[in-house]
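Remarks on the structure that follows.
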Amino acid sequence: LFRSPISTDSVIIADGDSVTANADSSCTALTFITPTGASNTVLNILTGVTFGVNGSTYINGDGASANTILRISGTGTMNATGNINLIAASATSAVINMAGGASTLNLGSNIILNSAGALTAGSGSTVNMNGASAQTLTVGSSLVYNHITLNNSSGSERKSDGEGRRVNAGGCRISKK
């Protein structure tokens, strides 16, 4: 980026670009263009930086020669009030990578798997489900969470995780993909 986005900007990361968020900033929407060449399309949120998206995020992967990666490094934080949409043919081509430290994803809506995608958690990373309306926590072999905080203000419910286990979800629903 030539400058950090401001809250009224819609950010589009072009095919094959690698962008680094090195200062706190926010935007209205975030879209990763599907890579068509051999270069990955990447947003790196550095340690100590908070990046906010006040709308939807679209992580589009091609499932072929390149990947699309949202990387939250170290103690970096992403505040996402809208859905994070993972749109890919394979789990490795649209990735939320939190494996590099004690990063945080504050999620005010849902992670939506449109065919495939992945969340890779580190030993110290946390996903906070903190929306104001009911949320769905999608779990599966490609969505690996380390710490999950259910802090949803829409109410307290007990839901099944699809495997017959009951979870005190505080307004969150567990969905297995």
Side-chain angles (χ1 to χ4, degrees), residues 1-36 39-62 66-88 93-98 100-121 125-138 143 145 148-154 170-173 175 177:
L1 296 172
F2 295 108
R3 65 168 173 79
S4 292
I6 57 174
S7 62
T8 57
D9 287 340
S10 180
V11 173
I12 298 173
I13 301 177
D15 173 10
D17 280 358
S18 183
V19 176
T20 300
N22 57 11
D24 292 352
S25 54
S26 65
C27 60
T28 60
L30 174 62
T31 302
F32 293 77
I33 299 297
T34 304
T36 58
S39 297
N40 293 337
T41 302
V42 180
L43 171 61
N44 291 301
I45 301 171
L46 297 181
T47 192
V49 172
T50 298
F51 189 85
V53 180
N54 298 316
S56 293
T57 298
Y58 296 92
I59 304 174
N60 300 293
D62 71 352
N67 300 315
T68 305
I69 304 164
L70 167 61
R71 182 177 295 119
I72 309 170
S73 301
T75 59
T77 299
M78 180 172 179
N79 296 325
T81 60
N83 288 333
I84 297 178
N85 298 276
L86 298 170
I87 306 162
S93 62
V95 178
I96 302 168
N97 184 334
M98 300 175 69
S103 56
T104 301
L105 172 59
N106 294 312
L107 188 58
S109 194
N110 303 304
I111 295 176
I112 306 292
L113 279 178
N114 292 307
S115 297
L119 183 141
T120 306
S125 63
T126 301
V127 174
N128 292 315
M129 304 288 287
N130 60 358
S133 60
Q135 293 177 266
T136 299
L137 175 63
T138 302
L143 296 173
Y145 303 88
I148 302 170
T149 303
L150 303 176
N151 190 22
N152 183 290
S153 62
S154 74
C172 294
R173 183 175 68 238
S175 171
K177 290 282 184 181

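All figures in this text were calculated on a predicted structure; none of them were measured in a lab.
- One finds the CG atom of Asp17 at 11.5 Å from the CG atom of Asn40 (value rounded to the nearest 0.5 Å).
- Between Leu30 and Tyr58 the shortest side-chain heavy-atom distance does not fall below 4.5 Å.
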Just distance, no hydrogens or angles: give the donor-acceptor pairs under 3.5 Å from side chains in residues 78-85, sequence neighbours left out.
from: Asn79; atom 1: OD1; to: Asn106; atom 2: ND2; distance (Å): 2.6
from: Thr81; atom 1: OG1; to: Val53; atom 2: O; distance (Å): 3.3
from: Thr81; atom 1: OG1; to: Asn54; atom 2: O; distance (Å): 3.2
from: Asn83; atom 1: OD1; to: Ser109; atom 2: OG; distance (Å): 2.5
from: Asn83; atom 1: OD1; to: Asn110; atom 2: N; distance (Å): 3.1
from: Asn85; atom 1: ND2; to: Thr57; atom 2: O; distance (Å): 3.2

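- Separating the CG atom in Leu43 from the CG atom in Asn97 is a distance of 12.0 Å, to the nearest 0.5 Å.
- A distance of 8.0 Å separates CG in Asn152 from CG in Asn130, rounded to the nearest 0.5 Å.
- Side-chain contact between Ile111 and Tyr145 is present, with at least one heavy-atom pair separated by less than 4.5 Å.
- Remark: Asp24 engages no residue in a side-chain hydrogen bond (donor to acceptor under 3.5 Å, both in side chains) (not counting sequence neighbours).
- Two residues are said to be in side-chain contact when any heavy atoms from C-beta on lie closer than 4.5 Å; Thr41 and Ile69 fail this criterion.
- Counting heavy atoms from C-beta on, the side chains of Thr34 and Thr68 never come closer than 4.5 Å.
- Partners of Leu46 by side-chain contact (heavy atoms from CB on, under 4.5 Å), not counting sequence neighbours, listed by chain and number: Thr20, Asn22, Val49.
- Although no hydrogens or angles enter the test, the distance criterion places no donor-acceptor pair under 3.5 Å between the side chain of Gln135 and the main chain of Leu150.
- With sequence neighbours excluded, no residue satisfies side-chain hydrogen bond (donor to acceptor under 3.5 Å, both in side chains) with Ser10.
- At a threshold of 4.5 Å between non-hydrogen side-chain atoms, the residues Ile96 and Leu86 count as touching.
- Taken to the nearest 0.5 Å, the OG1 atom of Thr120 stands 10.0 Å off from the CE atom of Met98.
- Side chain of Asn60 to main chain of Ile87: no donor-acceptor pair is present (N/O by atom type, distance under 3.5 Å, no hydrogens or angles).
- Side chain of Thr28 to backbone of Asp9: a donor-acceptor contact under 3.5 angstrom is found.
- Here Phe51 contributes atom CZ and Ser26 contributes atom OG; the two are 8.0 Å apart, rounded to the nearest 0.5 Å.
- Closest approach of Ile33 and Asp15 over heavy atoms only: CB-N, 3.8 Å.
- For Thr31, there are no side-chain hydrogen bond (donor to acceptor under 3.5 Å, both in side chains) partners two or more places apart in sequence or in a different chain.
- If you take CD1 on Ile13 and CD1 on Ile59, they are separated by 9.0 Å, rounding to the nearest 0.5 Å.
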Residues 70-77, side-chain donor-acceptor partners within the protein, below 3.5 Å, at least two apart:
from: Arg71; atom 1: NH1; to: Asn44; atom 2: OD1; distance (Å): 2.6
from: Thr75; atom 1: OG1; to: Thr47; atom 2: OG1; distance (Å): 2.8
from: Thr75; atom 1: OG1; to: Gly48; atom 2: N; distance (Å): 3.0

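- Residues Ser115 and Ala88 share a closest heavy-atom pair of CB-O, 3.1 Å.
- The closest side-chain heavy-atom distance from Leu137 to Ile148 is below 4.5 Å.
- Residues Ser25 and Pro5 approach most closely at CB-O, 3.5 Å, considering heavy atoms.
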